2 protein chains.
Amino acid sequence: MKIGEASRLSGCHIETIRHYERVGILSPTARSESGYRCYTDHHIQQLRFILHARELGFSLDDIRELLSLKEQSDLSCEAVDSITEKHLHGIHNRIRHLESLAGELRRISASCSGGHIAECRILEALGKH
Amino acid sequence: MKIGEASRLSGCHIETIRHYERVGILSPTARSESGYRCYTDHHIQQLRFILHARELGFSLDDIRELLSLKEQSDLSCEAVDSITEKHLHGIHNRIRHLESLAGELRRISASCSGGHIAECRILEALGKH
DNA sequence: CATAAAGTCTGTAACCGTTACAGAGTCAAG
DNA sequence: CTTGACTCTGTAACGGTTACAGACTTTATG
């Protein structure tokens, strides 16, 4: 099938599909006589995999590695687990970071009593560190 | 003072300071005869403001607006509050999003019982959506 | 005073992941 | 045969920062 159908079936934008091929995430396809890319069901599977992993926040580097592990069916799951754990860990860190930001922002925001810029506690708080 | 001292006093990297000027966040400086940028205390204040706001996750566009509001001391705080509230809202959204990602990841990860790639539930779960 | 070292300048490109565009070529239906 | 939909390649944009090359200036040391 051509890239348009691959896009519809996988849910990936056409430009994104070509991008994934360019950066070596998606296996290169055969080409028609006129140079059109020809996708197989396997490519669609890969694209769905990539899409879902991206939705879960995995980096393209992680995904490249997961896809490569996927091909080696006799290996142990260990490496897959490790990537997943590391990613989960990263997410928790980001959540903690954002929560501390939100805390400071709430504190700063609460100190503003709604007067004029000149006495604005928010701007004051942002200025000094 | 020259850019090196401005960098030390503000905590911003030299390249970043020049970048902020280029994109119009930091007021342009006077120049010495040889073309060196000359920073004043006001610039240092601005840089500290930018740095702290960045640490709190404000976008450069937000910061540009906050800095511009800062100059108009007779205005009401309203616009400042609104930017801050919007940002806080965005942070909460991101936290919720990350928490739902973490939830799905934990669920997927727990389904893996540590065998071989061929039966790996993580890879399986990532593939279908 | 000469030279070395440190600092600064500009312009450009890299990073990540994706999207958008221009300009050319190809394919199918009316 | 023409129109429209599709695809190709190559390049650039987004945001925010950092890194580099090559040229220049200033400061410190001999």
Side-chain angles (χ1 to χ4, degrees), chain A residues 1-26 28-40 43 46-67 86-87 90-91 94 97-98 101, chain B residues 1-26 28-39 43 46-67 83 86-87 90-91 94 97-98 101:
Chain A
M1 76 196 74
K2 286 183 289 185
I3 200 170
E5 195 178 352
S7 167
R8 274 185 295 276
L9 287 182
S10 67
C12 287
H13 283 216
I14 288 180
E15 319 270 8
T16 311
I17 296 178
R18 286 199 278 248
H19 172 67
Y20 286 160
E21 179 187 331
R22 206 160 35 224
V23 299
I25 304 269
L26 186 66
T29 64
R31 294 293 183 120
S32 75
E33 286 182 9
S34 52
Y36 286 13
R37 291 172 179 83
C38 304
Y39 294 88
T40 66
H43 289 109
Q46 285 194 321
L47 282 172
R48 291 216 179 109
F49 185 97
I50 296 169
L51 191 59
H52 193 191
R54 283 294 301 150
E55 283 168 2
L56 288 171
F58 283 99
S59 71
L60 290 193
D61 279 344
D62 281 345
I63 295 173
R64 202 195 320 267
E65 201 171 342
L66 288 173
L67 277 171
K86 215 174 64 196
H87 181 44
I91 290 181
R94 276 152 72 194
H97 181 59
L98 287 174
L101 294 195
Chain B
M1 76 195 73
K2 285 181 290 184
I3 199 169
E5 196 178 351
S7 167
R8 275 185 295 277
L9 288 182
S10 68
C12 288
H13 284 215
I14 289 180
E15 320 270 8
T16 311
I17 296 178
R18 287 197 279 248
H19 171 68
Y20 286 161
E21 180 186 330
R22 205 159 39 224
V23 299
I25 304 267
L26 186 65
T29 64
R31 294 293 184 119
S32 76
E33 287 181 11
S34 52
Y36 285 13
R37 291 173 179 80
C38 304
Y39 294 87
H43 289 108
Q46 287 194 320
L47 282 172
R48 290 214 180 111
F49 185 96
I50 296 168
L51 192 59
H52 193 192
R54 283 295 299 150
E55 283 168 3
L56 287 171
F58 283 98
S59 70
L60 289 194
D61 279 345
D62 281 345
I63 295 174
R64 202 194 321 266
E65 201 172 341
L66 288 173
L67 277 172
I83 293 174
K86 215 175 66 195
H87 181 45
I91 290 181
R94 276 152 70 194
H97 180 61
L98 287 175
L101 294 195

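Keep in mind that what you see is a predicted model, and the values were worked out from it rather than measured.
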Spacing of [X] atom [atom1] relative to [N] atom [atom2], expressed in whole Å:
X: Leu60(A); N: dT18(C); atom1: CG; atom2: C1'; result: 9 Å
X: Phe58(A); N: dC16(C); atom1: CZ; atom2: P; result: 18 Å
X: Arg31(B); N: dC9(C); atom1: CZ; atom2: C1'; result: 8 Å
X: Ile3(A); N: dC27(C); atom1: CD1; atom2: P; result: 16 Å

_Rounded to the nearest 0.5 Å, what separates atom SG in Cys12(A) from atom CD1 in Ile17(A)?_
5.5 Å

*Contact nearer the 5' end of DNA chain D, comparing Lys2(B) with Ser59(B)*: Ser59(B)

_Side chain to side chain, Ile50(A) and Leu67(A), heavy atoms closer than 4.5 Å_ =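 Yes. Closest side-chain heavy atoms under 4.5 Å.
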
*asked:* Could you walk me through whether His19(A) and Thr16(A) satisfy the side-chain hydrogen bond (donor to acceptor under 3.5 Å, both in side chains) test, starting with their C-alpha distance in whole Å, then the side-chain angles of each, then the deciding distance to 0.1 Å, before giving a yes or no?
replied: CA-CA 5 Å; His19(A) 172 67; Thr16(A) 311; over 6 Å; no

*Non-neighbouring partners of Arg22(A) that pass salt bridge (charged side-chain N to carboxylate O under 4.0 Å, His left out), sequence neighbours left out*: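 With neighbours one apart ignored, the set is empty.
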
*Under the side-chain contact (heavy atoms from CB on, under 4.5 Å) test, which residues partner Ala53(B), sequence neighbours left out?*
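With sequence neighbours excluded, Ala53(B) shows a side-chain contact (heavy atoms from CB on, under 4.5 Å) to Leu126(A), Phe58(B), Ile63(B), given in chain and number order.
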
*Of all residues at least two apart in sequence or in a different chain, which pass the side-chain contact (heavy atoms from CB on, under 4.5 Å) check with Glu15(A)?*
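Arg18(A).
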
*Want to settle it: does Arg22(B) or Gly4(B) sit nearer the 5' end of DNA chain C, counting the closest nucleotide to each?*
Gly4(B)

*asked:* Minimum heavy-atom separation for Leu60(B) and Ile25(B), please, with both atom names.
replied: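 In this case the closest contact between Leu60(B) and Ile25(B) is O-CD1, 3.2 Å.
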
_Gly4(B) versus Ile14(B), closest heavy-atom pair with distance_ =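 Nearest pair, atom of Gly4(B) first, then Ile14(B): CA-CD1, 4.1 Å.
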
_Restricting to side-chain hydrogen bond (donor to acceptor under 3.5 Å, both in side chains), what partner residues turn up for Glu21(A), sequence neighbours left out?_
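Per chain and number, Glu21(A) pairs via side-chain hydrogen bond (donor to acceptor under 3.5 Å, both in side chains) with Arg37(A).
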
*Partners passing side-chain hydrogen bond (donor to acceptor under 3.5 Å, both in side chains) against Glu5(A) (at least two apart in sequence or in another chain)*: none

*Pairwise salt bridge (Lys or Arg N to Asp or Glu O under 4.0 Å) hits with a residue in residues 51-63 of chain A, at least two apart*: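 Pairs touching residues 51-63 of chain A that pass the test: Asp61(A)-Arg64(A).
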
*Have a look at Ser32(B) and say if it touches a base, only the backbone sugar-phosphate, or nothing, with a 4.0 Å heavy-atom cut-off.*
nothing

*For the helix from dC1(C)-dG30(D) to dG30(C)-dC1(D), what angle lies between the axis at the first five pairs and the axis at the last five pairs, to 10 degrees?*
30°

*Contact list for DNA chain D against residues 33-40 of chain A - heavy-atom distance below 4.0 Å*: Gly35(A), Tyr36(A), Arg37(A)

_Arg48(B) side-chain N/O to Gly11(B) backbone N/O, donor-acceptor pair under 3.5 Å_ =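 No.
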
*First and last nucleotide of DNA chain D in contact with chain A, 5' to 3', at under 4.0 Å to a heavy atom: what are they?*
dC6(D) to dT9(D)

*With sequence neighbours excluded, what pairs up with Phe49(B) under the ring pair (Phe, Tyr, Trp, His ring centres under 6.0 Å) test?*
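Checked Phe49(B) against ring pair (Phe, Tyr, Trp, His ring centres under 6.0 Å); zero matches.
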
_Contact list for DNA chain C against residues 9-20 of chain A - heavy-atom distance below 4.0 Å_ = His13(A), Glu15(A), Thr16(A), His19(A), Tyr20(A)

